Amino acid sequence: MKQIALTYRSFPSRQQIELPYSKSIVARRLLLAYMQNKPLPPLPEEEEAYSLCNEDILVVWRAVHQLRQRPEGETIQIDCGSSATAMRFLMIVAIYERCATFLIGSPQLMKRIEQDDCSFFALMGAECQLHDCGVAITPYLPAKRVHLTTQWKSSQYCSAILICNRALDHEVSFEFSDQSPSYSYLRLTQELLAEEQSNTLERDWSAATFWYQLTMSHPEALDIEFPGLQTNSLQPDALIQRDALQMGISSEQIGDALQAIGSTGEERIGEAHIHIEQHLDSFLPLALTYIRNRKPFRIIGTSNLRYKESNRIASFLEAMEWYNVGGFSITDNEISWDGTWGDLPEMVMINPHGDHRVAMAFAVFAVTLPRITTVLLDPDCIAKSYPRFLDQLLGN
């Protein structure tokens, strides 16, 4: 397995970071264009794909092009890799295709899909068959008007339903609680459908959270500029701006760029109380920030973190053992830390278990810790959401 050794490093006091496009926004716009039978943007060139896209975006991009080119009456296979966004969105789209669609997924992705209640497909007019390696969707008579009472594990199905409703003038309705951890993503879909279509692709706030982690964790004051990022974004992880304020980091919009303005630490809070339900991808950057600054924390709304690319609670605790950090209290929906940190070892080895966000968060953690070497296994998993991240972090 590939690995990389990471140690403490200094950073320029001012730098500019080009973030990838927002997966959430690009995927929704691609899906809507396909369902409305509008022209699809061409697949990005190799250089653009590497610098501004990620594997999740490319999976959706390739999929809609593949669907558009489907031979009449033929079943096709689409490889969703490990992208839950692509799998769930395309499962709904497949209901409205003229024949069966087989969606292939990684073993970890299929474990996630198996936990979803897919009984609603029959009510929408399709057969859904789960297999070890993928999902087969066979449409028979798509419903134009139906109310679903499913207990949703993910809002991604609901977002895809809203997009198909708009494109096809259908009225498939559902119930989805505003207390759900993924309600913020459903709101994002509703807002995108309500606004005028734009050709401007917003950059990714989930990617930005790791740079906020760096500004909040590093003892030096760092100012980072992000072209194409908006302070008033609908993306749920934009909420990290609020949490960063408690650590003395402010955010300012300057034209089309956002600037995160660093702090030397004097203004940073004591114990942190954070509700994470609506921006779960910020959990690791925030938790590791507080640990790096030796600030006890209580983070509420963590239950769904167990069903990501890895069990992120388990991955986090496993890594903390390597760093000799203890004092955690865990419940189904909450994790807290009392500040316990033993002697720091000279070397640790972190296995992200194929989870891109675990890998990125611990890469940032590693470069803010003096006198320790962190060996990160499987760094290539980061390409799922941010191919250039390590190059940018390490100044390559």
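Computed from a predicted model, the values in this text were never measured in an experiment.
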Test ring-ring contact (aromatic ring centres under 6.0 Å, His included) applied to Trp205 and Phe226, step by step | CA-CA 10 Å; Trp205 263 105; Phe226 305 101; 7.3 Å; no
Residues Leu162, Leu186; criterion side-chain contact (heavy atoms from CB on, under 4.5 Å); working and verdict | CA-CA 9 Å; Leu162 289 179; Leu186 189 61; 3.7 Å; yes
Under the side-chain contact (heavy atoms from CB on, under 4.5 Å) rule, what do Ile261 and Glu252 come out as? Steps first, then yes or no, please.
-> CA-CA 8 Å; Ile261 302 170; Glu252 183 178 345; 3.6 Å; yes
Output, in order, the C-alpha distance, side-chain angles, deciding distance and verdict of ring-ring contact (aromatic ring centres under 6.0 Å, His included) for Trp211 and Phe389.
-> CA-CA 10 Å; Trp211 296 102; Phe389 177 71; 5.6 Å; yes
Which is it for Thr189 and Ile163 under the side-chain contact (heavy atoms from CB on, under 4.5 Å) test, yes or no, and what are the steps along the way?
-> CA-CA 8 Å; Thr189 305; Ile163 290 168; 4.1 Å; yes
Residues Arg88, Ser159; criterion side-chain contact (heavy atoms from CB on, under 4.5 Å); working and verdict | CA-CA 10 Å; Arg88 291 179 176 132; Ser159 287; over 6 Å; no
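Hydrophobic clustering keeps Val59 apart from Phe89 (ILVMFWY residues linked when any side-chain heavy atoms are closer than 4.5 Å, directly or through intermediates). The hydrophobic clustering, which links ILVMFWY residues whose side-chain heavy atoms are closer than 4.5 Å, places Phe174 and Met124 together. Note on Leu239: it does not cluster hydrophobically with Tyr290, by side-chain heavy-atom contacts below 4.5 Å among ILVMFWY residues. Under a hydrophobic clustering in which Ile, Leu, Val, Met, Phe, Trp and Tyr are joined whenever their side-chain heavy atoms come within less than 4.5 Å, directly or via other members, Ile78 and Leu58 fall into different clusters. When the side chains of ILVMFWY residues are joined at heavy-atom separations under 4.5 Å, either directly or via intervening members, Leu288 and Leu369 end up in a single hydrophobic cluster.
Side-chain atoms of Glu309 do not come within 3.5 Å of backbone N or O of His356 as any donor-acceptor pair. For Trp341 (side chain) and Arg292 (main-chain N/O), no donor-acceptor pair under 3.5 Å exists by modelled atom type. No donor-acceptor pair closer than 3.5 Å links the side chain of Glu334 to the backbone N or O of Thr331. In this structure, the side chain of Arg28 does not engage the main chain of Leu192 through any donor-acceptor pair within 3.5 Å. Within the 3.5 Å criterion, the main-chain N or O of Met110 finds no donor-acceptor partner in the side chain of Gln108. Of the possible donor and acceptor atoms, none in the side chain of Ser155 sits under 3.5 Å from a partner among the backbone N and O of Cys158. Put simply, the side chain of Glu321 never gets that close to the backbone of Val325: no donor and acceptor are under 3.5 Å apart. Side-chain atoms of Tyr140 come within 3.5 Å of backbone atoms of Ala122 as a donor-acceptor pair (strictly under, hydrogens ignored). Side-chain N or O atoms of His279 include none that pairs as donor or acceptor with a backbone N or O of Gln235 at under 3.5 Å. The backbone N or O of Gly262 lies less than 3.5 Å from a partner atom in the side chain of Asp223, making a donor-acceptor pair.
Looking at heavy atoms from C-beta onward, Arg68 lies out of side-chain contact with Pro39 at the 4.5 angstrom threshold. For the pair Ser154/Arg112, no side-chain contact is recorded, criterion being any heavy-atom separation below 4.5 Å from C-beta on. Under the 4.5 Å side-chain criterion, counting only non-hydrogen atoms from C-beta, Ile330 is in contact with Leu317. You'll find the side chain of Lys23 stays beyond 4.5 Å of the side chain of Ser206, heavy atoms only. Inter-residue side-chain proximity for Cys128 and Met91 is flagged as met; some heavy-atom pair is nearer than 4.5 Å. Counting heavy atoms from C-beta outward, Asp281 and Thr209 have side chains that stay 4.5 Å or more apart. Between Leu52 and Pro44, every side-chain heavy-atom pair lies at or beyond the 4.5 Å cut-off. Contact of the Tyr21 side chain with the Ile57 side chain is registered, since non-hydrogen atoms from C-beta on lie closer than 4.5 Å.
Annotation for Pro236 and Gln278: closest pair CB-O, 3.1 Å, computed over non-hydrogen atoms. Cys53 and Pro20 make their closest contact through O-CB, 4.1 Å (heavy atoms, listed as atom of the first residue, atom of the second, distance). When all heavy atoms are compared, the tightest approach of Ile350 to Ala319 is CD1-CB, 3.5 Å. For the residue pair Lys384 and Ser83, the shortest heavy atom distance occurs at NZ-CA, 4.1 Å. The minimum heavy-atom distance between Arg306 and Asp332, with the atom names listed, is NH1-O, 2.8 Å. Val135 and Ile137 get closest at one heavy-atom pair: CG1-CD1, 3.7 Å.
The aromatic rings of Tyr157 and Phe121 sit perpendicular to each other, their planes meeting at more than 60°, with 30° as the lower class boundary. Using the six-membered ring where Trp is involved, Phe328 and Phe297 have ring planes that are tilted, between 30° and 60° apart.
For His131, the NE2 atom sits in a packed shell: over 12 heavy atoms of surrounding residues, nucleotides or ligands are nearer than 6.0 Å. The neighbour count for Asp178 CG, taken as heavy atoms of other residues, nucleotides or ligands under 6.0 Å away, is above 12. Summarising the local packing, CD of Glu47 is surrounded by 12 or fewer heavy atoms from other residues, nucleotides or ligands at distances under 6.0 Å.
Two rings, from Tyr386 and Phe210, have their centers 6.0 Å or more apart.
Defined by atom type and a distance below 3.5 Å, a donor-acceptor pair is present between the side-chain atoms of Asp256 and Gln230. Side-chain atoms of Ser385 and Asn54 form no donor-acceptor pair, as typed in the model, at a separation below 3.5 Å. Tyr212 and Thr289 are not linked by any side-chain donor-acceptor pair at a separation below 3.5 angstrom, with hydrogens and angles left out of the test.
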Side-chain donor-acceptor distances from residues 95-105 under 3.5 Å, at least two apart:
from: Glu97; atom 1: OE1; to: Tyr34; atom 2: OH; distance (Å): 3.3
from: Glu97; atom 1: OE1; to: Arg70; atom 2: NE; distance (Å): 3.2
from: Glu97; atom 1: OE1; to: Arg70; atom 2: NH2; distance (Å): 3.3
from: Glu97; atom 1: OE2; to: Tyr34; atom 2: OH; distance (Å): 2.7
from: Thr101; atom 1: OG1; to: Arg70; atom 2: NH2; distance (Å): 2.5

Output side-chain donor-acceptor pairs under 3.5 Å for residues 141-151, partner residues at least two apart or in another chain, one line each.
from: Arg145; atom 1: NE; to: Glu171; atom 2: OE1; distance (Å): 3.4
from: His147; atom 1: ND1; to: Ser173; atom 2: OG; distance (Å): 2.8
from: His147; atom 1: NE2; to: Glu175; atom 2: OE2; distance (Å): 3.0

Can I get a per-line list of side-chain donor-acceptor pairs under 3.5 Å for residues 11-18, giving both atom names and the distance, sequence neighbours left out?
from: Gln16; atom 1: NE2; to: Glu225; atom 2: OE2; distance (Å): 2.7
from: Glu18; atom 1: OE1; to: Arg203; atom 2: NH1; distance (Å): 2.8
from: Glu18; atom 1: OE1; to: Arg203; atom 2: NH2; distance (Å): 3.3

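To the nearest 0.5 Å, atom CE of residue Met216 and atom CG of residue Leu245 are 10.5 Å apart. To the nearest 0.5 angstrom, Tyr307 atom OH is 13.5 Å from Lys111 atom NZ. Here the straight-line distance linking atom CD1 of Ile4 with atom OG1 of Thr374 works out to 11.5 Å at 0.5 Å rounding. The distance from the CD1 atom of Ile372 to the CG atom of Leu6 is 11.0 Å, given to the nearest 0.5 Å. To the nearest 0.5 Å, atoms CG (Asp56) and OG (Ser82) are separated by 6.5 Å.
Between Arg312 and Asp355 there is a salt bridge, since a side-chain N of the basic residue sits under 4.0 Å from a carboxylate O of the acidic one.
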